[in-house]
Amino acid sequence: MGIQFFNTYSREIEPFEPMNPPRVKMYTCGPTVYNHAHIGNFRAYVFEDLLQRHLEARGFEVERVMNLTDVDDKTIRGSRAAQQPLDAFTQQYKSAFFDDLKTLRIKPASAFPAATDPRFIARMIEMIDTLMQRGFAYQADDKSIYFRLSKFPDYGKLAHLNLDELRPTGRIRNDEYEKESIGDFALWKAWDEADGDVAWDSPWGRGRPGWHIECSAMATALLGPQLDIHCGGVDNIFPHHEAEIAQSECCTGEKFVRYWLHCAHLMVEGQKMAKSLGNFFTLRDLLNKGWTGRELRYALISVNYRLPLNFTFDGLAAARSALQRIDEWARRLADLANLHAGEWSAANSELAIKFANDFLAALDDDLNISAALGHLFESIRESNRLLDQNQLTPADAHELLETWQRINSALAFEPDVAAIPAEVLALVEERKAARAAKDWKKSDEIRDQIAALGWEVKDTKDGQKLSRKQS
RNA sequence: GGCGGGGUAGCCAAGUGGUAAGGCCGAGGUCUGCAAAACCUCUAUUCGCGGGUUCGAUUCCCGCCCCCGCCUCCA
């Protein structure tokens with residue numbers, strides 16, 4: 001069985017066949033940089049990262065683009081409130097976003113195009129112009145340009161919505177009466193006072209681009225008319241991704257996206273995350289509480305992307321415990337392998353081979369991470385048992401470790417490397433002497449001193465082992 | 001109202017027409033100067049509820065209940 005994904009468009013599991021293997025063109029909707037991204041946003045980005053990493057583990061070359069929305073109602077409002085120019089205002093959140101990606105071990109995309117980049121503004125104008133010429137767009141009395149939905153009967157197919165049955169929810173602005181049809185969305189928004197000095201010239205007057213056209217313009221400019229994979233949160237399905245399809249296909253005449261993958265929402269302690277509920281968290285909030293990026297990464301990645309994820313602090317604690325167990329296991333393997341470096345003749349470890357096959361096959365199946373982690377922990381238990389019984393050869397240990405490293409290229413769960421302070425090393429030496437003299441009292445005192453410095457020392461048959469203490 | 005996703009042990013969660021992976025937590029044990037780690041054992045006769053199909057359903061069908069999301073610029 002090859003790789004297969006659930007395609008939102010067909011609502012079915014489909015075999016994954018990119019246009020030009022091994023190349024994969026992937027577009028992922030990025031953040032609107034008007035504040036710090038929250039953990040719900042990062043659930044989507046972590047999912048996309050796992051997707052990319054697994055495709056790469058399977059030999060694909062992924063070219064991924066993630067856009068940055070740095071002009072829209074919220075960024076403009078924010079910059080005015082902060083009395084900063086728009087670019088200065090958004091720049092701080094762009095930087096913070098990149099820091100957060102790093103903390104969560106999310107691989108950088110091949111490109112992070114920003115909506116305000118003159119090159120892409122030009123591209124957007126060009127696309128809108130094409131749509132105007134072909135009759136897919138029109139200028140309304142308010143001078144804005146709108147997409148003419150009546151010309152694109154496929155609109156609604158991705159979301160499987162019947163447009164005639166849409167229920168008005170009050171989110172439709174009443175002042176858009178100039179539009180031909182209530183669903184027509186803005187491609188170009190004519191300047192108004194609230195925009196301040198944020199405006200670009202266009203054939204239709206000064207204004208700024210609509211949100212949807214951004215993605216269509218940047219995706220097709222950087223990846224071509226057709227994408228293999230387009231990701232985002234389920235909330236983007238309608239209307240954003242519908243609009244992208246409409247704009248792109250009416251411009252290029254080609255099918256825009258082959259596989260649509262959407263991840264479900266994150267909830268917090270069983271409720272929707274909202275500032276008003278006091279359960280709204282950014283990555284920084286969690287770091288300040290003593291959690292690490294990889295712990296959050298584990299918590300976010302360990303539930304299948306199509307299921308709603310209930311984020312809890314119990315879940316983070318479970319992530320911490322699971323990661324420590326993985327760390328300890330990998331260290332035991334490394335210790336055994338290193339102790340006998342040079343004795344690694346071809347092991348053909350059945351355990352390692354089965355581990356790799358089972359794990360990767362699980363991820364092939366629409367990123368079934370739960371099953372994949374199940375195989376990981378089964379392998380851990382089995383090899384730990386063999387280690388306890390001195391039945392694991394150094395060659396097996398070496399091979400298992402290599403297998404783990406390959407698998408971990410998709411997970412990125414390795415421990416943060418921390419240099420052991422000289423002070424701690426000195427205490428360990430001192431303790432070694434005390435232990436040789438069976439001075440248990442002194443040994444325990446030094447253990448406490450080491451703990452006070454943030455490190456944990458464990459006594460094994462191969463001597464003391466140090467690890468960073470978790471907060 | 002429309003569309004979609006869910007309800008599996010204390011929590012998270014995989015899964016199949018043939019009798020319930022895995023993780024976390026908890027209890028007991030082995031090991032250990034102690035501690036930690038690791039390992040072993042135990043923890044759902046049962047998979048929201050009621051019917052049906054079947055030799056047999058958690059898995060298929062019908063009905064019902066509950067939760068969550070989207071319904072025009074929130075990942």
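Below, chain A is the first sequence line, B the second, and so on; all start at residue 1. Only this structure's heavy atoms are used, side chains among them; waters, hydrogens and symmetry mates stay out.
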*Asks:* How is A:His38 classified with respect to the nucleic acid when contacts are heavy atoms under 4.0 Å: base, sugar-phosphate, or nothing?
*Replies:*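 Base: the residue A:His38, judged by heavy atoms under 4.0 Å, touches a nucleobase.
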*Asks:* As a quick check of understanding, evaluate side chain to side chain contact (heavy atoms under 4.5 Å, CB included) for A:Glu414 and A:Asn408, giving each step before the final call.
*Replies:* CA-CA 7 Å; A:Glu414 68 280 3; A:Asn408 188 52; 2.8 Å; yes
*Asks:* How far does CG of A:Asp195 sit from CZ of A:Arg80, to the nearest 0.5 angstrom?
*Replies:*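 A:Asp195 CG to A:Arg80 CZ: 8.0 Å, rounded to 0.5 Å.
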*Asks:* Where the side chain of A:Glu378 is concerned, which of B:A36, B:U72, B:A21 is the nearest nucleotide?
*Replies:*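 Selected nucleotide: B:A21.
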*Asks:* Can you check whether any acceptor in the base of B:G33 is under 3.5 Å from a donor in the side chain of A:Asp444, or vice versa?
*Replies:*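 A donor-acceptor contact between them is present.
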*Asks:* Regarding A:Asp100 and A:Thr103, is there a side-chain donor-to-acceptor distance under 3.5 Å anywhere?
*Replies:*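 Distance-only check fails for A:Asp100 and A:Thr103.
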*Asks:* Could you state the CG-P distance from A:Leu307 to B:C68, rounded to the nearest angstrom?
*Replies:*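 My rounded result for the distance is 16 Å.
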*Asks:* How would you label the contact of A:Ala317 with the nucleic acid (heavy atoms, under 4.0 Å): base, sugar-phosphate, or nothing?
*Replies:*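 No contact.
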*Asks:* In this structure, how many angstroms lie between the P atom of B:A38 and the CD1 atom of A:Ile380, rounded?
*Replies:*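 From A:Ile380 CD1 to B:A38 P: 10 Å.
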*Asks:* With a 3.5 Å limit on both atom pairs, tell me what B:A20 is paired to, counting Watson-Crick and G-U wobble, or say none.
*Replies:*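 Pair assignment: B:A20 / none.
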*Asks:* Could you please name the option among B:A36, B:C24, B:U72 that lies closest to any side-chain atom of A:Pro239?
*Replies:*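 Given the options B:A36, B:C24, B:U72, the side chain of A:Pro239 is closest to B:U72.
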*Asks:* Base, sugar-phosphate, or nothing: which does A:Arg325 touch, judged by heavy atoms less than 4.0 Å apart?
*Replies:*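 Result for A:Arg325 = sugar-phosphate.
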*Asks:* When the P atoms of B:A44 and B:G51 are compared, how many Å lie between them, rounded to an integer?
*Replies:*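 Result for the P pair: 25 Å, nearest Å.
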*Asks:* In whole Å, what is the span from the CG atom of A:Leu187 to the P atom of B:U72?
*Replies:*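 About 18 Å, once rounded to whole Å.
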*Asks:* Check every atom of B:G15, B:G22, B:G33 against the side chain of A:Asn368 and return the nucleotide holding the closest atom.
*Replies:*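 The nucleotide sitting nearest to the side chain is B:G15.
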*Asks:* Paired with B:A38 by Watson-Crick or G-U wobble geometry, both distances under 3.5 Å: which nucleotide is it?
*Replies:*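 Base partner found: B:U30.
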*Asks:* Take atom P in B:U16 and the same atom in B:C61, then report the distance between them in whole Å.
*Replies:*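 After rounding to an integer number of Å, I get 14 Å for this pair.
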*Asks:* Provide the distance between the two C1' atoms, one in B:U54 and one in B:C66, to the nearest whole Å.
*Replies:*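 Between the two C1' atoms, the distance is 29 Å.
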*Asks:* Parallel, tilted or perpendicular for A:Phe97 and A:Tyr45, by the 30°/60° rule?
*Replies:*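 Plane angle over 60°, so perpendicular.
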*Asks:* For atom P, what is the distance between B:C65 and B:U72, given to the nearest Å?
*Replies:*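 Approximately 26 Å lies between the P atom of B:C65 and that of B:U72.
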*Asks:* Let me know the distance between CZ of A:Phe359 and C1' of B:A14, rounded to the nearest Å.
*Replies:*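 Interatomic distance, CZ of A:Phe359 to C1' of B:A14: 14 Å.
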*Asks:* Which heavy atom of A:Leu376 sits nearest a heavy atom of A:Trp329, and at what distance?
*Replies:*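 For A:Leu376 and A:Trp329, the tightest heavy-atom pair comes out as CD1-CZ3, 4.2 Å.
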*Asks:* Verify the contact: side-chain N or O of A:Arg381 to OP1 or OP2 of B:G22, cut-off strictly under 4.0 Å; return yes or no.
*Replies:*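 A:Arg381 to B:G22 OP1/OP2: side-chain N or O found under 4.0 Å.
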*Asks:* With A:Arg306 as the cation and A:Phe6 as the aromatic partner, state whether NZ or CZ is under 6.0 Å from the six-membered ring centre and within 45° of the axis.
*Replies:*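 Yes - A:Arg306 lies over the ring of A:Phe6, closer than 6.0 Å to its centre and within 45° of its axis.
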*Asks:* Got a donor-acceptor pair under 3.5 Å from the side chain of A:Arg447 to the base of B:C34?
*Replies:*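 Indeed, a donor on one side and an acceptor on the other fall under 3.5 Å apart.
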*Asks:* Do A:His262 and A:Thr8 pair up side chain to side chain, a donor and an acceptor below 3.5 Å, judged on atom types alone?
*Replies:*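 Looking only at side-chain atoms, A:Thr8 and A:His262 do form a donor-acceptor pair, the distance falling under 3.5 Å.
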*Asks:* Is it true that the NZ or CZ of A:Arg320 lies under 6.0 Å from the centre of A:Trp291's six-membered ring and within 45 degrees of the ring axis?
*Replies:*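 Geometry flag: set, cation within 6.0 Å and 45°.
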*Asks:* Nearest to the side chain of A:Lys458, which nucleotide is it out of B:C34, B:A37, B:C74?
*Replies:*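 Per side-chain heavy atoms of A:Lys458, the pick is B:A37.
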*Asks:* Of all the choices, B:A36, B:G22, B:A13, which nucleotide is nearest to the side chain of A:Ser370 once you look at every atom?
*Replies:*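 Closest nucleotide to the A:Ser370 side chain: B:A13.
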*Asks:* From C-beta outward on A:Arg11, which listed nucleotide comes closest to its side chain: B:C12, B:G69, B:C3?
*Replies:*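 Selected nucleotide (nearest to the side chain): B:C3.
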*Asks:* In terms of the nearest nucleotide of RNA chain B, which residue is placed more toward the 5' end: A:Arg306 or A:His375?
*Replies:*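 Checking each residue's closest nucleotide, the 5'-ward one belongs to A:Arg306.
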*Asks:* Take atom CH2 of A:Trp440 and atom C1' of B:U32, then tell me their distance rounded to the nearest Å.
*Replies:*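 Nearest whole value for this atom pair: 10 Å.
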*Asks:* Keeping the roles fixed (side chain from A:His240, backbone from A:Ile237), state whether a donor-acceptor pair exists under 3.5 Å.
*Replies:*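 Side chain of A:His240 to backbone of A:Ile237, a donor-acceptor pair under 3.5 Å: no, none is there.
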*Asks:* Tell me whether the side-chain N/O atoms of A:Arg385 come closer than 4.0 Å to OP1 or OP2 in B:A38.
*Replies:*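 The answer is no; no side-chain N or O of A:Arg385 sits under 4.0 Å from OP1 or OP2.
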*Asks:* Quick one: label A:Ser443 by what it contacts on the DNA or RNA (base, sugar-phosphate, nothing), any heavy atom closer than 4.0 Å.
*Replies:*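 If one applies the 4.0 Å heavy-atom cut-off, A:Ser443 turns out to touch a base.
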*Asks:* Mind checking who B:C25 pairs with, Watson-Crick or G-U wobble, both distances under 3.5 Å?
*Replies:*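 No nucleotide pairs with B:C25.
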*Asks:* Where each residue is assigned the nucleotide of RNA chain B containing its nearest heavy atom, which of A:Lys438 and A:Ala264 is assigned the position nearer the 5′ end?
*Replies:*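 Result: A:Lys438.
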*Asks:* Base, sugar-phosphate, or nothing for A:Lys74, non-hydrogen atoms under 4.0 angstrom?
*Replies:*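 Sugar-phosphate: the residue A:Lys74, judged by heavy atoms under 4.0 Å, touches backbone atoms but no base.
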*Asks:* Determine the Euclidean distance between corresponding P atoms of B:C40 and B:C25; express it in Å to zero decimal places.
*Replies:*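 16 Å, rounded to whole Å.
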*Asks:* Who does B:C73 pair with, Watson-Crick or G-U, both distances under 3.5 Å?
*Replies:*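 Pair assignment: B:C73 / none.
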*Asks:* Name the nucleic acid region contacted by A:His160, choosing base, sugar-phosphate or nothing; use a 4.0 angstrom heavy-atom cut-off, strictly under.
*Replies:*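 Since only primed, P, OP1 and OP2 atoms lie under 4.0 Å of A:His160, the category is sugar-phosphate.
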*Asks:* CG of A:Asn310 versus P of B:G7: gap in Å, rounded?
*Replies:*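 Computing the A:Asn310:CG to B:G7:P distance gives 13 Å.
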*Asks:* Using a heavy-atom cut-off of 4.0 Å across all strands, would you classify A:Gly315 as base, sugar-phosphate, or nothing?
*Replies:*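 No contact at all - A:Gly315 keeps every heavy atom at 4.0 Å or more from the nucleic acid.
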*Asks:* Answer yes or no: side-chain N or O of A:Asp459 and base N or O of B:C34 forming a donor-acceptor pair under 3.5 Å.
*Replies:*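 When only heavy-atom distances are counted, A:Asp459 does reach the base of B:C34 through a donor-acceptor pair under 3.5 Å.
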*Asks:* With rounding to whole Å, what would you report as the distance between B:A14 and B:G2 at their C1' atoms?
*Replies:*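 These two C1' atoms come out 32 Å apart once rounded.
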*Asks:* For A:Phe377, which contact category applies under a 4.0 Å heavy-atom criterion: base, sugar-phosphate, or nothing?
*Replies:*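 Sugar-phosphate contact only.
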*Asks:* Using atom CE of A:Met124 as one end and atom P of B:C73 as the other, report the distance to the nearest whole Å.
*Replies:*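 So the two atoms are 19 Å apart, to the nearest Å.
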*Asks:* May I have the distance from A:Lys157 (atom NZ) to B:U72 (atom P), rounded to whole angstrom?
*Replies:*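 Going from A:Lys157 (NZ) to B:U72 (P), I get 22 Å.
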*Asks:* Counting only side-chain N and O atoms of A:Ser321, is one of them less than 4.0 Å from OP1 or OP2 of B:C25?
*Replies:*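 Yes, because at least one side-chain N or O of A:Ser321 sits under 4.0 Å from OP1 or OP2 of B:C25.
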*Asks:* Looking at B:C73, does its base get a donor-acceptor pair with the side chain of A:Lys189 below 3.5 Å?
*Replies:*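 Counting by modelled atom types and ignoring angles, a donor-acceptor contact under 3.5 Å is found here.
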*Asks:* What's the gap between B:C71 and B:U8 when it is taken at their P atoms, as a whole Å value?
*Replies:*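 One P to the other, the span is 27 Å.
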*Asks:* Using purine N1 to pyrimidine N3 plus N6-O4 or O6-N4 for Watson-Crick, or N1-O2 and O6-N3 for G-U wobble, both under 3.5 Å, which nucleotide pairs with B:G4?
*Replies:*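 Because both required distances fall under 3.5 Å, B:G4 counts as paired with B:C68.
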*Asks:* So if I take every side-chain heavy atom of A:Pro308 and compare against B:G69, B:G5, B:C73, which nucleotide ends up nearest?
*Replies:*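 The answer is B:G5, which lies nearest to the side chain.
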*Asks:* What integer number of Å spans the C1' atoms of B:G48 and B:G5?
*Replies:*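 16 Å, rounded to whole Å.
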